Structure formats: C-alpha cells, structure tokens
2 protein chains.
Amino acid sequence: MDLLSGKWTMSVINALMSGVLRFGELERAVPGINTRMLARTVKELEERKIISRKPHPTVPPTVEYSLTEKGLALKPVMQALQAWAVANYHRAQAEQS
Amino acid sequence: MDLLSGKWTMSVINALMSGVLRFGELERAVPGINTRMLARTVKELEERKIISRKPHPTVPPTVEYSLTEKGLALKPVMQALQAWAVANYHRAQAEQS
DNA sequence: CGGCATCCTGCAGGATACTG
DNA sequence: CAGTATCCTGCAGGATGCCG
C-alpha cells in the first residue's frame with residue numbers, strides 16, 4: 001500500500017493518535033511541515049476516510065481533525081513500526097501514547 | 001520513518017518475506033517494476049541492512065537476496081498493515097505467507 | 001544474468017503572500 | 001484561524017540500451 005506515501009502522512013496520523021487536534025495544533029504537532037503540506041495531507045487523509053474534519057462555525061473559525069475508525073485501526077501498524085524502529089535504531093523513545 | 005518511502009520498497013520486502021530470491025526472480029515477483037528501480041531499491045535496502053546480497057561466482061552470475069534479521073523483524077509491521085488493508089478494503093487476499 | 005549509464009518527465013514538496 | 005494561490009526546484013520513477 002502506498003497510502004502511507006507522502007512525507008508527512010505518518011506523522012499526521014501519529015499526531016492524531018493521541019486525540020483531536022485543530023489545524024494549527026496539528027501544524028505545531030508536526031515540526032517541519034508547512035501550511036500547504038498540512039492542508040494537502042489532511043485533505044488526502046480525509047478523502048481516504050482515515051481522518052475526519054469537523055469545522056465549527058465560530059469566529060474566528062476553528063476546525064477539528066480526528067481519526068476515523070479506519071484511522072484508529074492503523075494503531076497496531078504504527079505500534080509495530082515504532083517497535084521496529086526502537087529495536088533497530090533505539091531512538092526517539094519519547095513519542096505518542 | 002520514511003524508510004518505507006520508495007514506491008517499490010514494501011513490495012520488495014514483502015516478496016522476500018517468503019524466502020530467498022534471485023534478482024530476476026524478484027523482478028518477476030514484483031509486477032510493474034523495472035530493472036533500474038529494482039536495482040536502486042535493493043541497493044538502498046542493502047545499505048539499510050534490511051536485506052542482504054549474496055553474489056555467486058558462477059557463469060552466468062547469479063545473485064541471491066534475502067532478508068536480514070532487521071528485515072525479518074518487519075514482519076509484524078507488514079502483517080498489521082496487511083490486516084488493516086484487508087479489513088478496510090477487503091482486497092488482495094491472495095498474497096504471501 | 002545482473003545491473004550500471006543515459007535521457008526524460010511529472011509531481012512531491014518547499015517558501016511566501018493573500019483571503020473569508 | 002484555516003486554509004488557497006502562486007511560483008520554483010529536485011529528484012523519484014519510467015524506458016531503453018549496453019556490458020562483464
């Protein structure tokens with residue numbers, strides 16, 4: 001599967017594993033990403049039904065992103081991957097849940 | 001991790017999950033790939049110590065590729081991914097081990 | 001058989017400015 | 001705040017051809 005293609009896809013999914021985040025929060029939660037890339041990534045993930053977008057008609061506008069069932073189902077994958085990374089590179093122990 | 005970047009990386013690893021394969025066999029095992037891409041992919045995977053290359057000084061030359069310990073350790077990841085894909089797209093049930 | 005060398009193209013990805 | 005629009009660049013990825 002190349003659903004995981006995209007330089008930022010994994011990071012965004014991972015960030016949302018811990019819970020609901022707003023656009024700006026996501027941007028801060030994924031260091032190095034820029035507005036355009038985040039927008040593009042969340043759009044694709046939304047189309048793929050992996051995350052869901054919930055706009056709030058407030059002023060100023062706020063939008064909340066969260067994982068769908070399908071997205072949450074990726075948790076075992078992320079964990080397996082992380083376990084592998086830790087075991088083989090023992091680095092970055094301080095991430096996610 | 002962007003070790004899984006590369007359009008063919010996953011497919012090649014997956015193909016080698018079932019056992020040792022020669023260059024040509026790999027090429028046939030990964031439909032759609034071409035010589036240059038396969039060469040590039042195996043080279044990168046070899047550098048990352050995920051697969052190992054074993055040339056045989058025969059005529060004509062043969063080269064065998066297999067997963068290293070590190071590569072085999074990716075099995076849980078692949079399985080989790082596959083389980084997810086099957087559960088969410090129920091397609092391609094007829095692959096690997 | 002296994003794989004470099006070469007040439008080519010599109011699009012992923014980056015920076016920055018602007019708007020409802 | 002949450003994006004969209006614009007512009008730009010490099011390199012992933014595809015199609016051969018050639019050689020030990």
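Computation of the quantities below employed the complete heavy-atom set of this structure, encompassing side-chain atoms and omitting hydrogens, waters and symmetry-equivalent molecules. A note on names: the letters A, B, ... follow the listed sequences, proteins ahead of strands, and every chain is numbered from 1. Note that the coordinates shown come from a computational prediction; the quantities given were computed from them, not determined experimentally.
A distance of 13.0 Å separates CG of B/N88 from NZ of A/K49, quoted to the nearest 0.5 Å.
Going from atom CG of B/L38 over to atom P of C/dG2 covers 10 Å, rounded to whole Å. Atom CG in B/L21 sits about 15 Å away from atom C1' in C/dC1, given to the nearest Å. Rounded to a whole Å, the CD atom of B/E44 is 17 Å from the C1' atom of C/dC4. Regarding B/M37, its CE atom lies at a distance of 16 Å from the P atom of C/dT9, rounded to whole Å. One atom, CD of A/E64, and another, C1' of D/dA2, lie 13 Å apart when rounded to the nearest Å. In this structure, B/N34 atom CG and D/dT16 atom C1' are separated by 10 Å, rounded to whole Å. In this structure, CD1 of B/I51 is placed 14 Å from C1' of C/dG2, rounded to the nearest angstrom. B/E27 places its CD atom 13 Å from the C1' atom of D/dT16, with the value rounded to the nearest Å.
Side-chain contact check for B/I13 versus B/I50: some heavy-atom pair is nearer than 4.5 Å. Side-chain contact between B/M37 and B/V30: absent, with no pair of heavy atoms (C-beta onward) separated by less than 4.5 Å. Between A/V20 and A/K54 there is no side-chain heavy-atom pair separated by less than 4.5 Å. Contact check for B/T68 versus B/E46: no side-chain heavy atoms found under the 4.5 Å cut-off.
Mapping A/P61 and A/G32 onto DNA chain C by nearest heavy atom places A/G32 closer to the 5' end of the strand.
Transitive grouping of hydrophobic side chains (ILVMFWY, heavy atoms separated by less than 4.5 Å) brings A/M78 and A/Y89 into a common cluster.
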Could you write nucleotides 3-8 of chain D as a row of B, S and -, 5' to 3', where a protein heavy atom under 4.0 Å of any base atom gives B, of only sugar-phosphate atoms gives S, and otherwise -? BBBB--

